[in-house]
There are 2 protein chains.
Amino acid sequence: MSRTTIHDIAKELNTTAATVSRALNNHPSISSATKEVVRKAAQKLNYRQNRAASSLRSGKTYVIGVIIPSAEISFFGSVIHGIEKVAKSQGYSVLLFQTNESYEDEAQGIQTLLQSNVDGIIASIAKETTRYDHFQEVKNRKIPLILFDRAIDELDVPAVVIDDYKGAYMATEHLIRQGYQRIAHISGPQHIQIFHERLRGYVDALKAYNYKVDGDLITYGKVSIDSGRTCTEALLNLPKRPDAIFAVEDFTALGALQAIKETPWNKPGQIGLVGFANEAFSAYITPGLTTVDQQTALMGQEAANIFMNLRQEEPTLVDLPQKIILDPVLVVRQSSLRKKISRRREE
Amino acid sequence: MSRTTIHDIAKELNTTAATVSRALNNHPSISSATKEVVRKAAQKLNYRQNRAASSLRSGKTYVIGVIIPSAEISFFGSVIHGIEKVAKSQGYSVLLFQTNESYEDEAQGIQTLLQSNVDGIIASIAKETTRYDHFQEVKNRKIPLILFDRAIDELDVPAVVIDDYKGAYMATEHLIRQGYQRIAHISGPQHIQIFHERLRGYVDALKAYNYKVDGDLITYGKVSIDSGRTCTEALLNLPKRPDAIFAVEDFTALGALQAIKETPWNKPGQIGLVGFANEAFSAYITPGLTTVDQQTALMGQEAANIFMNLRQEEPTLVDLPQKIILDPVLVVRQSSLRKKISRRREE
DNA sequence: CTGAAAGCGCTAACAT
DNA sequence: ATGTTAGCGCTTTCAG
């Protein structure tokens with residue numbers, strides 16, 4: 001009473017396994033009558049294709065390997081969601097591997113995916129990774145590789161990232177349009193590209209609106225709640241203190257919010273605040289935090305879409321690796337609103 | 001220049017594929033000298049095992065199929081994390097499938113996993129699922145099936161769940177020990193088992209401490225922020241209003257907190273509040289929300305552990321399906337603390 | 001439009 | 001301890 005194979009179906013119908021295989025795969029040279037009969041018999045015998053056998057022969061597995069630091073981080077959970085959604089819609093499955101930000105785990109993950117003959121790999125590089133030989137091997141084996149969020153130009157593969165510069169520009173512009181006069185920025189370590197980009201966006205938005213860029217209003221934190229708190233206290237103690245703060249990400253903004261709330265002279269809504277990332281908590285704190293959404297699920301979908309496009313292309317035709325830069329979305333909540341909103345939002 | 005196979009290695013070493021296979025699989029009847037030589041050659045030729053071929057022959061894939069409603073929900077992201085961690089440590093990979101709470105998707109997911117010959121399936125049943133024929137097929141094919149969070153007794157398979165009763169009991173007990181006198185409960189729809197269990201835990205804790213169970217203090221909401229808010233307003237308008245609230249889950253608690261904050265006569269810390277789930281935001285709102293942690297990552301790990309135990313057992317020996325009931329963990333934050341804490345926490 | 005035959009890369013029974 | 005042989009279930013030439 002072992003599992004039904006195409007031979008069982010062939011025997012039942014007095015035909016051959018080849019015909020059954022073709023019928024089930026909707027091969028054009030099979031009459032629709034036969035196809036129908038075969039499908040019926042397959043259903044009756046409760047047949048399930050054996051993917052291992054199929055892919056051993058055909059070389060295709062219909063599996064996409066996904067490498068992320070951790071599914072527990074909501075950002076990556078959301079990206080997986082987007083990848084799996086697109087994959088499933090095209091008949092692909094997702095094989096998941098977590099690196100815990102470790103190079104060793106990442107290299108091992110790549111090995112596992114290679115052994116599994118995945119048709120493509122979508123990955124976000126671990127923080128600790130500084131060598132890329134494992135990714136190079138993927139490229140050498142001509143397996144489509146797509147990176148997201150943390151892309152490495154040196155690898156020269158397609159990638160999906162968000163436009164941090166633009167997001168920061170939008171956030172700052174929003175505060176300007178709200179009428180704030182002295183807009184501060186709490187940044188992060190400048191060797192991390194995304195933080196540097198956000199600082200650039202902030203500076204350029206100020207310039208575009210003829211605001212003075214005041215070095216005193218730019219502080220460099222460590223990207224944490226505590227750091228946001230400390231930096232904000234320093235900012236609020238300046239002789240000419242800011243009336244709004246753009247924080248480099250939501251946890252920093254949360255610390256800033258706590259510090260603002262504890263300031264004796266502060267009245268609610270007096271100091272504008274914007275974060276970055278649209279973390280789940282940002283909607284639930286009081287006041288609701290205005291922030292920049294990173295379109296995480298879309299990021300996964302786009303990465304999967306790149307794979308879908310890549311997979312039938314001639315390898316020789318792949319000239320320039322595609323790079324998709326997603327538009328961030330400003331999510332306006334209470335924390336950045338002044339009492340009177342004189343102008344409606346422009347696009 | 002195609003991929004290296006064990007035949008290539010065999011040719012290189014003037015031996016046979018069988019020996020190479022055995023050496024690489026650490027077979028006992030191969031001398032350690034040969035093993036060493038084979039391993040070296042494999043490395044030199046950059047050999048990677050072809051899992052499709054291996055599993056076609058051996059019947060084992062070293063893949064665990066995981067079915068969840070959505071990786072975007074942090075609860076499930078966390079469970080996946082736990083599953084993948086254990087799986088990887090035992091040489092298994094995780095094939096992921098999302099159902100979006102739909103029966104059709106779930107059934108299709110099972111088909112995909114069966115075609116992929118996964119060695120086992122770990123699943124959390126979709127909300128819309130009311131028929132279990134697809135899971136029944138998994139059982140019929142003798143593939144280990146483990147459920148988590150949403151278990152179905154009728155399926156008679158091993159499961160990992162959390163003890164909702166106990167969690168609610170602990171939450172209520174905590175409020176009692178803090179000295180609150182009138183402890184209300186905002187529950188949810190009673191046809192959903194977990195909410196019913198939490199209500200039971202609340203009632204039993206009150207009884208255990210000789211508190212009167214007052215029907216006025218038990219309200220039934222719809223498990224949302226808004227519902228938590230509405231229910232709380234009603235509670236606070238009672239002639240004999242509560243001095244503490246145990247909410248059925250964190251979003252309800254969040255609504256309750258908002259309502260409490262807006263009550264004119266309220267002073268901070270006057271009304272105790274406890275939630276359930278330890279959502280990410282619960283740590284970041286003000287005041288921090290005391291809540292009950294559901295040990296999500298552990299849930300995934302335990303489910304994976306059950307699979308690991310099951311996989312080598314004789315199918316005939318599987319008498320009673322294992323059911324693991326995890327202990328919830330009370331996470332105490334500001335929202336439930338009264339000014340004076342007279343007694344230290346007892347175990 | 002269908003059948004015959006070969007083989008993907010590996011492992012396992014049997015032989016030596 | 002190693003070699004020989006067969007075959008897992010499927011797809012894919014090549015023939016007809």
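Here the structure is a predicted model, which means the values were calculated and not measured. Below, chain A is the first sequence line, B the second, and so on; all start at residue 1.
Atom C1' of nucleotide D:dC10 and atom NE2 of A:His7 are separated by 8 Å, given to the nearest angstrom. In this structure, A:Asn26 atom CG and C:dC1 atom P are separated by 13 Å, rounded to whole Å. Atom CG in A:Asn50 sits roughly 6 Å away from atom C1' in D:dG9 (whole-Å rounding). A:Lys35 places its NZ atom 9 Å from the P atom of C:dC1, with the value rounded to the nearest Å. The distance from atom CZ of B:Arg51 to atom C1' of C:dG9 is 15 Å, rounded to the nearest whole Å. Atom pair B:Ile9:CD1 and D:dT2:C1' shows a separation of 16 Å (rounding to whole Å applied). One interatomic measurement links the two molecules: NE2 of B:His27 to P of C:dC14, which rounds to 14 Å at whole-angstrom precision. For the pair A:Asn25 CG and D:dT12 P, the computed distance is 8 Å after rounding to whole Å.
For B:Ser58 and C:dT11, the shortest distance from a side-chain N or O to OP1 or OP2 is not below 4.0 Å. Phosphate proximity of D:dT11 to A:Ser21: present, with a side-chain N or O under 4.0 Å from OP1 or OP2. Contact check, A:Ser54 against D:dC10: no side-chain N or O comes under 4.0 Å of OP1 or OP2. A close approach under 4.0 Å does occur between a side-chain nitrogen or oxygen of A:Thr19 and OP1 or OP2 of C:dG3. For the OP1/OP2 pair of D:dT2 and a distance below 4.0 Å, the side-chain nitrogens and oxygens of B:Thr34 include at least one atom meeting the criterion.
No engagement by A:Ser55 is indicated, since no non-hydrogen atom pair under 4.0 Å with the nucleic acid exists. B:Thr5 comes within 4.0 angstrom of the backbone, heavy atoms only, and of no base.
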> Would A:Ile83 and A:Val94 satisfy side chain to side chain contact (heavy atoms under 4.5 Å, CB included), going step by step from the backbone distance to the final call?
Replying inline: CA-CA 8 Å; A:Ile83 294 174; A:Val94 165; 4.1 Å; yes

> Yes or no on side chain to side chain contact (heavy atoms under 4.5 Å, CB included) for A:Arg141 and A:Glu137, after CA distance, side-chain angles and deciding distance?
Replying inline: CA-CA 6 Å; A:Arg141 290 176 188 258; A:Glu137 182 173 353; 3.0 Å; yes

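Side chain of A:Thr15, nearest nucleotide from C:dG3, C:dT11, D:dA1: C:dG3. Here C:dC10 is the nucleotide among C:dC10, D:dG3, D:dG9 with the atom lying nearest to any side-chain atom of B:Gln49. For A:Ser29, the side-chain atoms get nearest to C:dT2 when compared with the rest of C:dT2, D:dC10, C:dC10. Residue B:Ile30 has its side chain nearest to D:dT2 when only D:dT2, C:dT2, D:dA6 are considered.
Side-chain to base pairing of B:Arg22 with D:dG3: one donor and one acceptor N or O lie within less than 3.5 Å of each other.
The shortest distance between side-chain heavy atoms of A:Phe148 and A:Thr296 does not fall below 4.5 Å.
The distance from atom CG of A:Leu113 to atom NE2 of A:His134, rounded to the nearest 0.5 Å, is 11.0 Å.
Salt bridge annotation for B:Glu101-B:Arg150: present, with a cationic side-chain nitrogen under 4.0 angstrom from a carboxylate oxygen.
Cation-pi check for A:Lys139 over A:Phe135 is not met; the charged atom does not lie both under 6.0 angstrom from the ring centroid and within 45 degrees of its normal.
Nearest-nucleotide positions on DNA chain D place B:Pro28 closer to the 5' end than the other of B:Pro28 and A:Ala18.
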